[in-house]
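Everything on this sheet refers to the single structure shown next.
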Amino acid sequence: MASATEFFNTWNDGFAKKDSSRLAELLTDDFRYVSPTRNLSRQEALDWTADGGFQTRVDNLEVLYENDEVAVVHHGANSDLGEGRVMAVYTKKDGKFSHLRMVRQSV
């Protein structure tokens, strides 16, 4: 069972290295990433990661709640969009992440 911390660290590492191969192992085939500005399929999220995510750096993860079905987290997100704070809900299926819904607020 993948944890929110593992997911967070793997995605952050993927952005930094421009490599989504490890992230792909944590996502279901029907994974969706949804934000106010994006609605990405699994492959689109992997491609975005491999491109460096607009030079995205995520930090200061705080897992607010997690079980085998859901995780709720709060973290920083700094990119070409500027400095921000993120609140996200992850859903899990069969030990992998199936959905990520996030909102970002500029700081």
Query raised in the report: With a 4.5 Å heavy-atom cut-off, do Val70 and Tyr65 have their side chains touching?
Result: yes

Report task. For residues Leu64 and His74, determine if any side-chain heavy atom of one lies less than 4.5 Å from a side-chain heavy atom of the other. Result -> yes

Query raised in the report: Mind checking what makes salt bridge (charged side-chain N to carboxylate O under 4.0 Å, His left out) contact with Arg22, not counting sequence neighbours?
Result: Asp13

Query - By salt bridge (charged side-chain N to carboxylate O under 4.0 Å, His left out) - contacts of Asp19 (at least two apart) - result: none

**Report entry** Contacts of type side chain to side chain contact (heavy atoms under 4.5 Å, CB included), residue Asn9, not counting sequence neighbours
**Finding:** Thr5

Report task. Under the side chain to side chain donor-acceptor pair (under 3.5 Å) rule, collect the residues that match up with Glu44, sequence neighbours excluded. Result -> Ser41

Query raised in the report: Are any non-hydrogen side-chain atoms of Val73 and Phe7 less than 4.5 angstrom apart?
Result: no

Requested in this report: Identify, with sequence neighbours excluded, every residue that meets side chain to side chain donor-acceptor pair (under 3.5 Å) alongside Asn39.
Outcome: Arg32

**Report entry** Gap between atom CG of Leu27 and atom OG1 of Thr10 - 0.5 Å precision
**Finding:** 9.5 Å

Output a table of donor-acceptor pairs, distance under 3.5 Å, between side-chain atoms of residues 100-107 and any protein atom two or more places apart or on a different chain; print 'none' if there are none.
residue: Arg104; atom: NH2; partner: Ala77; partner atom: O; Å: 3.0
residue: Arg104; atom: NH2; partner: Gly82; partner atom: O; Å: 2.4

Requested in this report: Could you state whether Phe15 and Leu40 fall into the same hydrophobic cluster, counting links through intermediate Ile, Leu, Val, Met, Phe, Trp or Tyr residues with side-chain heavy atoms under 4.5 angstrom apart?
Outcome: yes

Can you give me every donor-acceptor pair (side chain of residues 88-95, partner residue at least two apart or in another chain, under 3.5 Å) with its distance?
residue: Thr91; atom: OG1; partner: Ser98; partner atom: OG; Å: 3.1
residue: Thr91; atom: OG1; partner: His99; partner atom: N; Å: 3.4
residue: Lys92; atom: NZ; partner: Ala2; partner atom: O; Å: 3.4
residue: Lys92; atom: NZ; partner: Glu66; partner atom: OE2; Å: 2.6
residue: Lys92; atom: NZ; partner: Asn67; partner atom: O; Å: 3.0
residue: Lys93; atom: NZ; partner: Asp30; partner atom: OD1; Å: 3.3
residue: Lys93; atom: NZ; partner: Asp30; partner atom: OD2; Å: 2.7

Query - Smallest separation among heavy atoms of Ala4 and Val63, with atom names - result: CB-CG2, 4.3 Å

Report summary line: Closest heavy-atom pair, Glu83 versus Asn78, reported as atoms and distance to 0.1 Å, is CG-OD1, 2.8 Å

Query - Inter- and intrachain pairs under ring-ring contact (aromatic ring centres under 6.0 Å, His included), touching residues 16-38, at least two apart - result: Trp11-Tyr33, Tyr33-Trp48

Report summary line: Rounding to 0.5 Å, atoms CG (Leu23) and CD (Glu6) come to a distance of 10.5 Å

Report summary line: Applying side chain to side chain donor-acceptor pair (under 3.5 Å) to Glu62 and not counting sequence neighbours gives none

Report summary line: The side chain to side chain contact (heavy atoms under 4.5 Å, CB included) partners of Asp29 (sequence neighbours excluded) come to Arg42

Query - Shortest non-hydrogen separation from Met87 to Val72 and the atoms involved - result: SD-CG1, 4.2 Å

